[in-house]
Amino acid sequence: MGFAGGPRMSRRRAFAVQREGERDSVRRFGELEAVVMDRLWSNPGPMSVREVLEELQPKRPLAYTTVMTVMDNLYKKDLLARERDGRAYRYQPTETREQYSAALMTEALTQSKDHSATLVHFLEQIGPDEASVLRRALDGRRRRR
Amino acid sequence: MTAALLLAVYATLAASGLPRLLNDAAWSSRSPRLAILLWQALTASVIATTVLAGVSLAMSSLRLGGEAGQVLHDCAVLIREQYGAGAGGSAAAAGLLFAACVITRLLWTVTLELVSDIRGRRWHLDKLMLVAFPVDGYETVIVDHPQPAAYCIPGRRHCIVLTSAALRSLRPDELDAVLAHERAHVQGRHHIVLVGARAAASAFPRVPLFRMAGREITRLVELCADDVAARLTHRSTVAAALLRVGAGRAPAAGLAASGGAVSARVQRLMAPGVPLDVTGRLMVSLLAALALVGPFVLALWPILGVVTGLYGHICPLTWR
């Protein structure tokens, strides 16, 4: 899960990649959705509310109804699909974490008239050829600095 | 009527002619903040002028109700005379209606844009929180994604977003530059500046000045943030960061083909940044001030004249 920090992380910067445990400590209710989705994304198969609750239980004391509400909300948001298994439901994400992230990033980085000022971009894609020309010119200048 | 005519002529000329004059203004890239102020002043000026033109038209047919005292009536007569030949009651009504429409249209569009922006940001933030790794609270977050990218979500619940690929490919000083650039957007409340520019352009779509102002302000806002980041790190660092985060793959289908803009920014950063000199700044500031104040002076000149006795008659009210 996550990504490799790698040697690029400067010690001074010290980007602490938060592990699941630290993420669990955030308080807002919205983050509970993140924690639950994280479990479901990490699990190969569908999970019931009870199974998710049990996985969260040691670090987060939660009520069954809380987890059930969260998973029901996620189902209503089309993030989870569910099928009946006896008296309970078993939930499964509708898309993978990568698909979700990719769709989110595409939405964020697409400059459309509909949400131009919503997110201000640092990045606009330029072609690799143009980029290498500029990079060569820039490297020349930086060496001279 | 003359005031209304003059104002209308000015508004038309400014709205259509100025863009051609200011089209390739190289100076704007040297002092982007000042340039933004000028564009805002010109936009406000044209809008204010059209509103004042409508009001002026009505002023020449100013009528006060019978309950008003004789003193007020004399004043009104003097003022009316100074506004020139009356255009008739229906023209006056039309003038006021026009003014009201312009204001309403603008306010409506601004409100819509603001609401849509706020909703869009909240929507995106909520979705982001499901996959974002927080770094130092939730002010900066990282999203696992193979393409290097960085953007910010401005506003009250602001957030700077980096992809894992960006984090991997940026050197530490370049990372500082990226974060400084995004923080400049957030702290400078650039999203509000952009809302204003977009609102004028979408409220009155066929006005060349507003369209150009929108485009220019969008471009200049990035230059402002670049400058802030360059002050904190170095111009070449920001340029390098731009290239690292902005290049590599060919643009995806949905992404805007704005390679020209990034290229221009990189080239601008590679050259030494020489801001506008004092004379230039003064001239631009003067132009902006004139554009803002001029229409009001022109529209209210007859009233000012009457009240101060410039035209020989003094409105009796001034004696009190």
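Within every chain, numbering begins at 1; the chains are lettered A, B, ... in the order of the sequence lines, protein sequences first and strands thereafter. Note that the structure is predicted; figures quoted are calculated from it, not measured.
Annotation: side chain of A:Glu31 is in contact with side chain of B:Met129 (closest heavy-atom distance under 4.5 Å). Between B:His145 and A:Glu98 the shortest side-chain heavy-atom distance does not fall below 4.5 Å. In this structure the side chain of A:Arg97 never reaches within 4.5 angstrom of the side chain of B:Asp144, judged on heavy atoms. The shortest distance between side-chain heavy atoms of B:His124 and A:Leu104 falls below 4.5 Å.
With rounding to the nearest 0.5 Å, the separation of NZ in B:Lys127 from NZ in A:Lys77 is 10.0 Å. Residue B:Tyr151 holds its OH atom at 3.5 Å from CE of A:Met105, rounded to the nearest 0.5 Å.
Contact annotation for B:Ser202: neither backbone nor side-chain heavy atoms come within less than 4.5 Å of a heavy atom of chain A. In this structure, chain A has heavy atoms under 4.5 Å from both the backbone and the side chain of B:Leu128.
Of the possible polar contacts, none joining the A:Tyr100 side chain to the B:Leu130 backbone as a donor-acceptor pair under 3.5 Å is found.
More than 12 heavy atoms of other shown residues, nucleotides or ligands fall within 6.0 angstrom of atom CZ in A:Arg84. Enclosure of atom CZ in A:Arg82 by more than 12 non-hydrogen atoms of other residues, nucleotides or ligands within 6.0 angstrom is indicated.
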